[in-house]
Amino acid sequence: MAQVLVVDDSASMRNMVMATLSSAGHNVKDAENGQVALDIAKSDSFDAVITDLNMPVMDGITLVKELRSLSKYTYTPILLLTTESAGDKKAAGKDAGATGWLVKPFNPAKLLTTVDRVLG
């Protein structure tokens, strides 16, 4: 299955997303903010990244931009999983290079379906 990086400043949310992905056979690593995630992503390789938008140190939009600047993440699916649903936030995510947008609280089946779809 896929190697997935889950990024969220909420430990409980990270754990829920990780449990959902792990139950479907994915290998999952996690990070508590965008900077930690970027450091992990530089030293490892992931098939997909799922990140929160609002986090301390480095937010999700900045993380998406930073990942897209790395050649190995040019085409990697990056999903934003956030409580934000405003059109301007979604547009900012898309402009940064995000592949998709999921709103919290997430439906586990929908998360897995979306991850499977973006992984092809």
Value rounded to 0.5 Å, distance of [atom1] in [X] from [atom2] in [Y]:
| X | Y | atom1 | atom2 | answer |
| --- | --- | --- | --- | --- |
| K42 | L67 | NZ | CG | 9.5 Å |
| L38 | S43 | CG | OG | 10.0 Å |
| W101 | E84 | CH2 | CD | 6.5 Å |
| K110 | T20 | NZ | OG1 | 14.0 Å |
| L80 | I61 | CG | CD1 | 5.5 Å |

Residues in salt bridge (Lys or Arg N to Asp or Glu O under 4.0 Å) contact with [X], at least two apart in sequence or another chain:
| X | value |
| --- | --- |
| D30 | R14 |
| K29 | D44 |
| D95 | none |

Do any N or O atoms from the side chain of [X] and from the backbone of [Y] form a donor-acceptor pair under 3.5 angstrom?
| X | Y | value |
| --- | --- | --- |
| D59 | N54 | no |
| N15 | A11 | yes |
| K72 | A41 | yes |
| H26 | A2 | yes |

On a heavy-atom basis, which atom in A96 and which in K65 lie closest, and how many Å separate them? CB-CG, 3.7 Å
Any side-chain heavy atom of [X] within less than 4.5 Å of one from [Y]?
| X | Y | answer |
| --- | --- | --- |
| E32 | V7 | no |
| D8 | T51 | no |
| P56 | D9 | yes |

List, by chain and number, the other hydrophobic cluster members for V17, where Ile, Leu, Val, Met, Phe, Trp and Tyr join if side-chain heavy atoms come within less than 4.5 Å, directly or indirectly. V4, V6, M13, M16, M18, L21, V28, I50, L79, L81, L102, F106, L111, L112, V115, V118, L119
Under 4.5 Å side-chain linkage, directly or through intermediates, the cluster mates of M1: none
Taken in chain and number order and not counting sequence neighbours, the residues that satisfy side chain to side chain donor-acceptor pair (under 3.5 Å) with R68 are T99
From the list L63, V64, T82, side chain to side chain contact (heavy atoms under 4.5 Å, CB included) with L53 holds only for T82
